[in-house]
Structures are given as structure tokens and as C-alpha cells.
Amino acid sequence: MTTKGWWGKLLWIDLSRREAKQVEIDKNLLSSYVGGRGLAVRLLWDYTRPGIDPLSPENLLIVAIGPITGLPGPSTGKVVVAAKSPLTHGYGDGNLGSRTAVMLKKAGFDAVVFSGKSEKPSYVYIENEKVEINNADDLWGLDTFTAEKRLLERHGKDAGVLLIGPSGERKVKMATIISQMGRSGGRPGIGAVMGSKNLKAIVVRGTRDPPVDDLKSLRETAAKAYIEAKNKPAYPFWIRQGTMATIQWSQENSVLPTYNFSEGVFDESSGIDGFTMEKMKVSQRGCPNCNSICGNVVLDASGEESELDYENVAMLGSNIGLGDLKKVAQLNRLADMWGIDTIGLGSAIGFAIEASQKGFINEKMEWGDFPKILELAEDIALRRTKLGDDLAEGLVHASSVYGCEECAIHVKGLSVSAYDCHAAPGMALSYGVSSVGAHHKDAWVISWEVSHGRFAYSPEKAKKVLELQKIRGGFFENIVACRLPWVELGLELDWYVKLFNFATGLRWRLDDHMVVAERTLTLIRSYWVREYHAEGRTWNRKMDYPPIKWFTRPYTRGPLKGARLDPQKYDELLGYYYELLGWDHRGIPRASTLRRLGLGDVESTLGKIIELTN
Ligand code: PTT
Ligand code: SF4
């Protein structure tokens, strides 16, 4: 098999021993998992002991790219960061745009793996094969914007930087990894894993020519794909509003998270929507290699620049009762500077306000009370105060301390991203079975669902969820490219298949990628089951249930007043989904499924822990 497209090498950095070595990656492994997420979960499965503490030196922090990352082609400047999650204790990852993606490709590696723990705060500098583990005393404690500026002054403006802020240093369980002052990845606490290793930053520079099978055809195809993206009818409006257009769409379709996911409409939504943003916009940013840049920059309530996206604005806006975009933008900027997930933060604040109003928390809090919200946000991000510290441990912990299980809007410990599902069973299923907890990244089925029998719990819906999971959570996470030109502009998937083939020399069809996607999904599920059992818990189908509130508390207002999910029908929908994948009634892959996907070794490991259904 060719290793064109891949370097066939990973860089393994043991922070405890302060040693770096280059490790050849088995060629079959590369074609079986492709890269990014697929490669990351395989490395976690193979190289971590079951049941490790995610914040111990035993956990691995993995930074992985894919065969087309960093090469010419629309939006190929993305990188996957992964680890066992300290928030969910299962598989965790995130995907962010960063020059690091491009530089890692040029440095000569498909992934960097960090093991162990540095004795003192440090940062790693990689320049091709040269690796330095440097002292980070002068960076520790700095916010991500200041620290990144300092590193770029030191190592050159074009270096790729991934780093954590004060939240990651404090091991806040929703801390993320930040890049380029406004790109964030790793919602399940991947920033906390980096902090637990005393690793402040990773700086990468590379100057090599990546191995590509047919560079001429790749370049020609990429050039055509860029033009095609620009000519799509949706392009002009996308450039104007980016993901912010979704605020109005969500409001119109009653899925805008409001008052901690109690309602789907917000009276002040026009104060935070894409049109309001357009009036405030001062510039536009984006990820490397992208000509559809969607990062809209506005000036916030304190006059500083803040880059907005839909999830950030919905979770720090309507979800906590804030209808002033400048204030929302301020919270969003601070979250990036602290290095904390905006979705997790908005959900933690929503939990606190609702729990306060229902008498579970003594402190008095109101929806939209900006000074109080600002203070609480900082308490969480910096672990100040008892309440802040409890919320920094995640919603499962917070609800175990304060009660009000209904106020904790999460799946498997990861807070739900910004689509309310009282009236969207398919999207609820997407959250229920997402690879990392409750995330829309794998199957954003909601836009299809509202126009295809919204209230149905049909097998067709389960099929659509799986189809999207394979494309979004499998194909795009494995080749490691941004999915938005496909989702939002309608750029055909075939462009990416062609780029992959010209890079690798393989002649794959989309179906071949779908097999890898299914293997990836099934290995991720096996990893969750392995870790749950190793930690003394038992996996069951209730793990794949969405938050209880969507079943028990109907909408009290808006056009869909009275809507809620039906638990029995949801359970049936879940059953259809398991059948499609060849998973049993518990949601555990059957032995025959593992064998069919070439995961025989996983079958024998899992079979020793738990009885597998054939
Ligand atoms: C992603 C999640 C999202 S998804 C958003 S906004 W979105 C939030 N962004 C945050 C942020 O910003 N700062 C912060 N402190 N926390 C944040 N938490 C939230 O994190 C992002 C874009 C967007 S904008 C989306 S949908 C797409 N996501 C992709 C993906 O997951 N995979 C992929 N192959 N392509 C994608 N393209 C799009 O990228 P997580 P980014 Mg993010 C500031 O990582 O952990 O998965 O959480 O990467 O470079 O910021 O671009 O309406
Ligand atoms: Fe980044 Fe947006 Fe371009 Fe995707 S479409 S690569 S998120 S700028």
C-alpha cells in the first residue's frame, strides 16, 4: 500500500522523560483509519490502560491531521485534538482551524502524541524533526491571546500555535485548546488534559514538501473546487453572516435554546441575530486554506474584538436570557481568552440560574443579569468560589451537589450544543448517540428534520442520523477538513474524495470512506464501553438518552407550545439506530459487527470485559 498522502510517522513526546521519538505508523492502520479522529481513537485504544484517570500522566494528548490536511483544497486547515475526556470519562475530541494543521503536515508527521507530565510548566517547539521542551514560566497564568502573541514574536508570525489559558491550567473540565485568538477545539475538556500535563502550548513550524501522489492533478482539482465553492448561490450570504444566520433560523423553527433549554423561542432573538451582527461587524477571519471564511469579528461591550459563531451566541445569549450582542460578545471573547468552551459555560450558567430560581442554590440569580453572569463566568473559568468550582467540574458533578437533575442539560456529561429538541426527536437522537457526548458535530440532522416529518420517530430518521454521522463525524473528521463548505454551500463531497485520491494514489470511492467511518464509530463506542466497565460502571442504553427535561417539561410558549419528546417512542428510535449499526439492545457492538469491520482484536478485548452478543 502507498503511504503517499501520509508521512507514515508520528512524533511521540514523553513529557515525564523529556524525550521525543519518531514512530513509524503501520500502513494498514493508516488505510483502516485514514487519520484525525480515526487514528486518534485507535491510538487511545492501543496505548492507554483501560480505566485510567483522564487527568493523570497516563492519558495521551493526541494532535492529529489527515491525508489532505494542509494540502491545497477548500478548508483543509483543520486539526483534531483528542484524549480520554475528564468530563465524560469516554472518548473526547475537538476539531479546530489552525496554522498548526498546515505546519504539522510540513513538519513531517501525521500526528503528535504527548504522554506523561512535565515536571514544570513547559511548552513544546517542533521544527521539522527538531523538538524542544521549553520552560513556560513566563507564559503560565497568561490568557491565550497574550500568550499566543508572545510565542509568535519568539518563533515567527507564521508558526502554528495550539495553547491553553487559565482554565486549562486549572483543569476546568470544559477547558478547550485555542488557536489564532478565536478558534477553539476539544469541548470534552481536552484543554484540561493539556493542563494536567503542565503543557501550556505547542508551537509547530515545518518546511518540507508533503508526500503527494499526483501534485499536478491535486492542484488543478483544488483550484477548480475553490472556484466552485465561490460560485455556489449560498456563498454571498455565507460570507455576510457565516454560522450566525442560524440564530434567525433556529428562532423561526423553535429550536433556539432559551432559558436553559426550557423553550425554543427567545423574545429578544433579533438583538443577537446575524443581521444585528452585520451592523456591528468590523472584520472577518478564517482558518488556513479557506476561501469561504466565516469568522465574523465585532466589537464587544468593552470595545475589544470578538469572533462570533452561532453556538457561542446562542449559548451565551438566549440560553441565559441575554439579548444584547455586545454583552454576549464580551463573554465569548473572555471564554476564548480563558480557554473554556462557550457551550459548556453557557450551559453551566443556565444550570445555576434555573437551579437558583427553583431553590436548589441559595444565591439569587436572574436570566439576563449581565453583571452577575459575568462574575459567575469568571468564577467558573478560574475556579473561584465554591459554586464556580463545582460548576467547573461539569454538570453531572454540579447536579450531584445541588440537585435539580432536570437543570443539567447534557448527555454522558457533555453539555448539549445549541439546538433545543423538545420538538426534534431526530436531533435528540443525534445528541444521544454522538461520539463525544452531546455534540451536533456528528449528525446535524435538524435542518433535514424540520422539513421531513418533524414529529416522526421513524426508521428513516435513524437512517438519516447514521448517514450524517458517517459523513460528518467519520469522513470529515478522518480526512481532517472543514465540513462547512459542504454543509452550508453545497460543495459536493466528491471534491474531497478526489483530493484524497490524488494525495494518496488510492482509488477510493465515497463508499470506502463510509466503511472507515463505520469502523471509527464502532471503535469509539467500544472505547466508551471499555472505559465504563474498567471504571466499575455498567453500560446500558440509557446512556444514549437525551436530557430528561425534553421529556418532562413541555414548551410553555411559542408556536409549538406543549411540545415534548415521547420517551417510549424515543426508545424505539434508538432501537432502529442500533439495528442499523449492528449494535445490541444495550448499544454495544455485536461480536459479528466487530469482526465484519476488521475489529477482531477489539472483540477479544471487549469479550473479556463483558459478554458480547453475536
Ligand atoms: C466546536 C464547538 C463549536 S461548533 C462552536 S461554534 W460552531 C463553539 N466555538 C467555541 C469558540 O469559538 N470559543 C470557545 N471558547 N468555545 C467554543 N465552543 C464551541 O465549540 C469552528 C467551526 C464551526 S463554528 C463549526 S460548527 C464547524 N465545526 C467543525 C468540526 O467540528 N469538524 C470539522 N471537520 N469541521 C468543522 N467546521 C466548523 O468549524 P469542538 P474552529 Mg471547534 C471560538 O471544536 O470541540 O468540536 O467544538 O473549530 O476553528 O473554532 O471553527 O457554530
Ligand atoms: Fe474555518 Fe469557516 Fe473556513 Fe470552515 S468555513 S475552514 S470554519 S473559516
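Only this structure's heavy atoms are used, side chains among them; waters, hydrogens and symmetry mates stay out. Whatever order the structure lists ligands and atoms in, that order sets their numbers, starting from 1.
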Selection from Cys294, Ser98, Cys290 by shortest heavy-atom distance to atom 3 (Fe) of ligand 2: Cys290

Check: Asn332 N/O within less than 3.5 Å of ligand 1 N/O: no

Ile340 N/O to ligand 1 N/O under 3.5 Å: yes

Arg483 near ligand 2 by a heavy-atom separation under 4.0 Å: no

For atom 2 (C) of ligand 1, closest protein heavy-atom neighbour: Arg187 CD, 3.8 Å

Between Thr176 and Asp341, a side-chain donor and acceptor under 3.5 Å: no

Any donor-acceptor N or O pair under 3.5 Å, side chains Ser270, Asp273: no

Protein residue, atom and distance nearest to atom 3 (C) of ligand 1, heavy-atom basis: Glu311 CG, 4.0 Å

Test item, His439 contacting ligand 1 (heavy atom, 4.0 angstrom): yes

Pick from Arg285, Arg183, Met315: the one approaching atom 51 (O) of ligand 1 most closely through a non-hydrogen atom: Arg183

Heteroatom proximity flag, Cys287 to ligand 1, N/O under 3.5 Å: no

Winner among Arg483, Lys441, Glu307, Glu477 once heavy atoms are compared against atom 28 (N) of ligand 1: Arg483

Any donor-acceptor pair under 3.5 Å from Thr246 side chain to Thr243 backbone: yes

Under 2.8 Å: N/O/S of Ser184 next to atom 42 (Mg) of ligand 1: yes

Top protein contact for atom 4 (Fe) of ligand 2, by heavy-atom distance: Cys482 SG, 2.4 Å

Modelled atom types, side-chain donor and acceptor of Asn312 and Tyr310, under 3.5 Å: no

Atom indices of ligand 2 within 4.0 angstrom of Ser292 heavy atoms, with elements: 5 (S)

Derivation and outcome, salt bridge (Lys or Arg N to Asp or Glu O under 4.0 Å), residues Arg472 and Glu467: CA-CA 9 Å; Arg472 296 166 61 107; Glu467 177 195 322; over 6 Å; no

Protein contact to atom 18 (N) of ligand 1 [nearest heavy atom, distance to 0.1 Å]: Asp341 OD1, 2.7 Å

Ile343 N/O to ligand 1 N/O under 3.5 Å: no

Nitrogen or oxygen of Ala481 less than 3.5 angstrom from that of ligand 1: yes

Distance-only polar pair, side chains of Trp495 and Glu492, donor-acceptor under 3.5 Å: yes

Contact atoms of ligand 1, heavy-atom distance to His440 under 4.0 Å: 4 (S), 26 (S)

Closest protein heavy atom to atom 37 (N) of ligand 1, given as residue, atom name and distance to 0.1 Å: Cys482 SG, 3.1 Å

Minimum-distance protein heavy atom relative to atom 1 (Fe) of ligand 2: Cys287 SG, 2.3 Å

Identity and distance of the protein heavy atom lying nearest atom 21 (C) of ligand 1: Lys78 NZ, 3.9 Å

Residues Ser435 and Asp442: side-chain donor-acceptor under 3.5 angstrom: yes

Check: His410/Ser415 side-chain N/O donor and acceptor closer than 3.5 Å: no

Ligand 2-proximal atoms of Glu488, by part, heavy-atom distance under 4.0 Å: neither

Sub-4.0 Å heavy-atom contact, Gly295 with ligand 1: no

Phe500 vs His513, ring-ring contact (aromatic ring centres under 6.0 Å, His included): CA-CA, chis, key distance, verdict: CA-CA 10 Å; Phe500 171 88; His513 288 278; 4.5 Å; yes

Side-chain ion pair, Glu304 and Arg333, N-O less than 4.0 Å: no

Per-atom contacts of ligand 1 with Leu484, taking only distances under 4.0 Å to non-hydrogen atoms: 37 (N), 38 (C)

Ligand 1 atoms in contact with Gly94 (distance to a heavy atom under 4.0 Å): 40 (P), 45 (O), 46 (O)

